[in-house]
Amino acid sequence: MPLPYSEIVMEHFRNPRNVGRIEDADAKAIEGSPACGDMVAVYLKVDPETQVITDIKFESYGCASNIATGSIITELAKGKTLEEAKKISWEEASKALGGLPPVKVHCSVLAVDGLRAAIQNYEERHGLVKEREPTTVEFVRKRLKHVMNPVVGLDIVRTKLVKEIEVQDGVVRVVLDLPSDHMFASAMKEDIEEKLGHRWDVKQVIVEFTE
Ligand code: FES
C-alpha cells in the first residue's frame, strides 16, 4: 500500500529546493537517524554582521519524506537569522508539507536536527555559544552518538566502534575500533573532527584507529 503522501510532499520530493553542498560553507553538519540509519547533511552561509542565513543547501541520504522535509526547511530557514531558524520545528516543517504519515515523523525530525546541528556548528566556529559547557569524556561520548557508522546505519557509540575517549588539556583523543584503511574511516574521522574541533575549549582532535 503506498504511503499517503500529500501533494506538497510529492512536489518537494520530485523537485527538491536547495539540494547540493556549499564548498565554502560557513558551517555544516551531518546528522543520522538511529530510527532508520539514514543521513542528512546541511550547509550554511551566514552574514557575519546580521547573522542571517544567506544560503543553505542540503544533501539527503534518506527517504522521500526526508528529502521533502530537507527541501522545506531550507526554504523556511533561508533569510532568517540563526536565532529564528533555531526555532523551526519538525511540526512546522511537517505542517508546511501538508502533513506527514506518523511513521515518517522521524524523517522530518532528522532534517530539523541537521539544521540545528549546522547552526550549532556555526556558533561553535564563531565563539557564539553562550553556555560554555566543558568538553568532558561524557560530552564527547554524547556528541559521538551523532556520528554515524554507515555500515550498519547506527551511531558509532551504539555500534561499539568507539574504543577509547581521552580529554586532556584541550586535546581530545578518540580511538576507533576500525582499520585505518576502512572505506568509511576518513569520513568518520572528518565528521568527528567537525563535531568537536570547534568547541571553545578544544585545541586539537586526534582520531586514531586500532589497526
Ligand atoms: Fe529514514 Fe525517512 S526512513 S529518513
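Numbering of ligands and ligand atoms starts at 1, following listing order.
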Distance-only side-chain donor-acceptor flag, Asn15 / Glu11, under 3.5 Å: yes

In the protein, N/O/S atoms that are found under 2.8 Å from atom 2 (Fe) of ligand 1, waters not counted: Cys63 SG, Cys107 SG

Side-chain donor-acceptor pair present, Asp47, Thr54, cut-off under 3.5 Å: no

NZ/NE/NH1/NH2 to OD/OE distance under 4.0 Å, Glu194 and Lys189: no

Salt bridge (charged side-chain N to carboxylate O under 4.0 Å, His left out) partners for Lys45, two or more places apart: Asp24, Asp26

Between Asn66 and Ser60, a side-chain donor and acceptor under 3.5 Å: yes

Candidates Ile22, Thr74, Ile73 - the one meeting side-chain contact (heavy atoms from CB on, under 4.5 Å) with Ile56: Thr74

